[in-house]
J.: 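Shown below is the structure under consideration.
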Protein chains: 2
Amino acid sequence: MIGQLARRTGCKVQTIRYYEQIGLMPEPVRTEGNQRRYGAPHLKRLAFVRHSRELGFSLEAIRELLDLADDPDRSCATADSIARRQFDQVESRIARLQALKRELKRMIVQCRGGRVAECRVIEVLADHGLCVSDHGNPPVDKLAVS
Amino acid sequence: MIGQLARRTGCKVQTIRYYEQIGLMPEPVRTEGNQRRYGAPHLKRLAFVRHSRELGFSLEAIRELLDLADDPDRSCATADSIARRQFDQVESRIARLQALKRELKRMIVQCRGGRVAECRVIEVLADHGLCVSDHGNPPVDKLAVS
DNA sequence: GATAGGACCTACAGTCACTGTAGGTTCAAG
DNA sequence: CTTGAACCTACAGTGACTGTAGGTCCTATC
């Protein structure tokens, strides 16, 4: 039963079905009434996926890591480089967020309350020239962490 | 012409049209041939939007901020609280990413190369129990920074 | 054996903030 | 008058889910 697997892994039922749909989880056996029945390997695999997601890996990266994990005799150089890539991404995200944090702080500290016309927050937002640090480019990101 | 506005703000043409579609940018006048023509206020507004996005504000928050900016006599308390909320979010994202970074580092450092069977990276991913810090819950996020 | 209700099923739409594509039109330069 | 870049609309796709509608199945209780 999918609900039990969901409870044990802290993953939503729909998410499990979604992982199956995109081929990240293998199709389990079904009961006569067409309901999914899982075993220990499914639990292990899903735990791997969830943990990797918590560490910020993309589903694509996880797919690669699972392929590796399925074949214990291969070299682990690939796993290592995927992890390093992830590490680098996290590092640069932190750096960007810290620049951002400084800028937001400056913005807030300078606001003395009052009318919008004198609001430092609005003023800074309207003019990037008022920023000290280079807080960089659009924050578009699909793989980030709350 | 939309291309010029795009170049001046570092924003893609489609993005400008998208902002218009969702009501973030006002509809500009059109030439006889149905092409958009913009003026200084559009440039100002779009610059505000882009800068706010760079600082990680959601389009919803930007909508509120624009409403405020349009009415200089109102109190800036709302702008201030939106900025503070954003600041708090950035702070907690940094904290989460730092826990994550520590965990990734540990994982990578312990990997001595060799076969997948002995790979520390794979092993840690398979078992959250091997983590020291609590790197928290799913990294689902729509508003993060690259 | 009937029934209630919780858990399950599929299929599809929606989220956020864009980005890309197809297929057609307009504009400015030469 | 022709070329070709820039424009137009409308819609699909991205990542990683989440939510909904409308139906079926399973188990416990009566």
Side-chain angles (χ1 to χ4, degrees), chain A residues 1-25 27-38 42 46 49-66 86 89 93 137-146, chain B residues 1-25 27-38 42 46 49-66 86 89 93 137-146:
Chain A
M1 34 204 56
I2 199 168
Q4 203 168 22
L5 185 63
R7 246 168 287 122
R8 286 198 198 168
T9 52
C11 183
K12 300 219 169 172
V13 166
Q14 287 109 306
T15 306
I16 298 174
R17 287 201 278 249
Y18 168 71
Y19 287 160
E20 183 183 326
Q21 194 190 304
I22 62 167
L24 209 60
M25 289 292 289
E27 292 185 22
V29 293
R30 302 268 188 151
T31 63
E32 275 183 30
N34 201 33
Q35 299 196 354
R36 291 167 178 86
R37 288 301 120 105
Y38 295 96
H42 288 100
L46 185 54
V49 172
R50 289 317 294 170
H51 191 211
S52 303
R53 285 293 298 137
E54 280 167 18
L55 289 167
F57 291 89
S58 71
L59 292 184
E60 255 328 285
I62 295 172
R63 214 185 279 274
E64 277 187 82
L65 289 164
L66 280 168
Q86 181 61 22
Q89 276 172 24
R93 250 177 248 150
N137 300 335
V140 177
D141 197 14
K142 282 91 200 260
L143 281 181
V145 162
S146 52
Chain B
M1 36 204 58
I2 199 167
Q4 202 168 22
L5 185 63
R7 246 168 288 120
R8 285 198 198 170
T9 52
C11 184
K12 301 219 165 168
V13 166
Q14 287 109 308
T15 306
I16 299 174
R17 288 200 277 249
Y18 167 71
Y19 287 160
E20 182 183 326
Q21 193 190 306
I22 62 167
L24 209 61
M25 288 293 288
E27 293 185 23
V29 292
R30 302 268 189 152
T31 62
E32 275 183 30
N34 199 34
Q35 300 197 354
R36 293 168 177 84
R37 288 300 121 107
Y38 295 96
H42 287 101
L46 185 55
V49 172
R50 290 316 294 171
H51 191 209
S52 303
R53 284 294 298 138
E54 280 167 17
L55 288 167
F57 291 89
S58 71
L59 291 183
E60 254 329 285
I62 295 172
R63 215 185 279 275
E64 278 187 82
L65 290 164
L66 280 168
Q86 181 61 22
Q89 276 172 24
R93 250 178 248 150
N137 300 335
V140 178
D141 197 13
K142 282 89 200 261
L143 282 180
V145 162
S146 52

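Here is the naming used below: chain letters follow the sequence lines, and residue numbers restart at 1 for every chain. Values reported hereafter were calculated over all heavy atoms of this structure, with side chains retained and with hydrogens, waters and symmetry mates removed. Source: prediction; values computed, not measured.
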J.: Check whether the side chains of Arg8(B) and Tyr38(B) place a donor and an acceptor atom closer than 3.5 Å, and report yes or no.
T.: no
J.: Please confirm whether the shortest side-chain N or O distance from Tyr19(B) to OP1 or OP2 of dA17(C) is below 4.0 Å.
T.: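 Answer no for this pair, as no side-chain N or O of Tyr19(B) is under 4.0 Å from OP1 or OP2.
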J.: Is there a side-chain polar atom (N or O) of Arg50(A) under 4.0 Å from OP1 or OP2 of dC17(D)?
T.: yes
J.: Using atom names, set out every protein N or O paired with an N or O of nucleotides 23-27 of chain C below 3.5 Å, distance rounded to 0.1 Å.
T.:
from	atom 1	to	atom 2	distance (Å)
dC27(C)	OP1	Thr31(B)	OG1	3.1
dC27(C)	OP1	Gly33(B)	N	3.2

J.: Using OP1 and OP2 only, check whether a side-chain N or O of Lys12(A) sits under 4.0 Å from dG19(D).
T.: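 Checking Lys12(A) against dG19(D): at least one side-chain N or O falls below 4.0 Å of OP1 or OP2.
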J.: I'd like to know if Gln14(B) reaches the base of dG20(C) with its side chain such that a donor and an acceptor end up less than 3.5 angstrom apart.
T.: yes
J.: Quick check: do Ile16(A) and Lys12(A) have side-chain heavy atoms less than 4.5 Å from each other?
T.: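 Not in contact.
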J.: Students often get this wrong, so: under 4.0 angstrom with heavy atoms, is Arg7(B) touching a base, only sugar-phosphate, or nothing?
T.: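 The answer is nothing, as Arg7(B) stays clear of every strand by at least 4.0 Å.
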J.: Side chains of Tyr19(A) and Arg50(A), heavy atoms from C-beta outward: is any pair under 4.5 Å?
T.: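 Touching, per the 4.5 Å side-chain cut-off.
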J.: Using whole Å, report how far CD of Glu27(B) lies from P of dC8(D).
T.: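 Rounded to the whole Å, the gap is 12 Å.
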J.: Do Arg37(A) and Arg30(A) make a side-chain contact, defined as non-hydrogen atoms from C-beta onward lying under 4.5 Å apart?
T.: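 Not in contact.
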J.: Provide, to the nearest angstrom, the distance between the CD atom belonging to Gln21(B) and the P atom belonging to dT9(D).
T.: 10 Å
J.: If only side-chain N and O atoms of Arg17(A) are considered, is one of them under 4.0 Å from the OP1 or OP2 phosphate oxygen of dC8(C)?
T.: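 False: Arg17(A) side-chain N/O out of range (4.0 Å or more) of dC8(C) OP1/OP2.
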J.: What's the CD1-C1' distance between Ile62(A) and dG15(D), to the nearest Å?
T.: 12 Å
J.: Please list each protein N or O that sits under 3.5 Å from an N or O in nucleotides 2-4 of chain C, with the distance.
T.:
none

J.: Could you give the CG-to-P distance, from Leu5(A) to dA7(C), as a whole number of Å?
T.: 15 Å
J.: Considering just the side-chain nitrogens and oxygens of Thr15(A), establish if one lies under 4.0 Å of OP1 or OP2 belonging to dT18(D).
T.: yes
J.: Can you tell me the distance, in whole Å, between the CZ atom of Arg30(A) and the P atom of dC25(D)?
T.: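 Those two atoms, CZ and P, are 12 Å apart.
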J.: Output the rounded distance in Å from CD (Glu60(A)) to P (dA16(D)).
T.: 8 Å
J.: Look at Arg53(A) and dC17(D) and indicate whether a side-chain polar atom (N or O) is within less than 4.0 Å of OP1 or OP2.
T.: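 The answer is yes; a side-chain N or O of Arg53(A) sits under 4.0 Å from OP1 or OP2.
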J.: Return the value, rounded to whole Å, for the distance between atom CD of Glu20(A) and atom C1' of dA16(D).
T.: 17 Å
J.: For Arg36(B) and dC8(D), is the shortest distance between a side-chain N/O and OP1 or OP2 below 4.0 Å?
T.: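 Arg36(B) to dC8(D) OP1/OP2: side-chain N or O found under 4.0 Å.
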J.: Flag the pair Arg36(A) and Glu20(A) as a salt bridge only when some basic side-chain nitrogen lies within less than 4.0 angstrom of an acidic carboxylate oxygen.
T.: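 The answer is yes: the pair qualifies as a salt bridge.
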J.: Whole-Å distance between dA7(C) P and Arg8(A) CZ?
T.: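 Result: 16 Å.
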J.: Identify whether any heavy atom of Ile2(A) sits under 4.0 Å from a base atom; if not, whether one sits that close to sugar-phosphate; answer base, sugar-phosphate or nothing.
T.: sugar-phosphate
J.: Strictly distance-based, threshold 3.5 Å: is any side-chain N or O of Arg53(B) a donor or acceptor partner for the main-chain N or O of Phe57(B)?
T.: yes
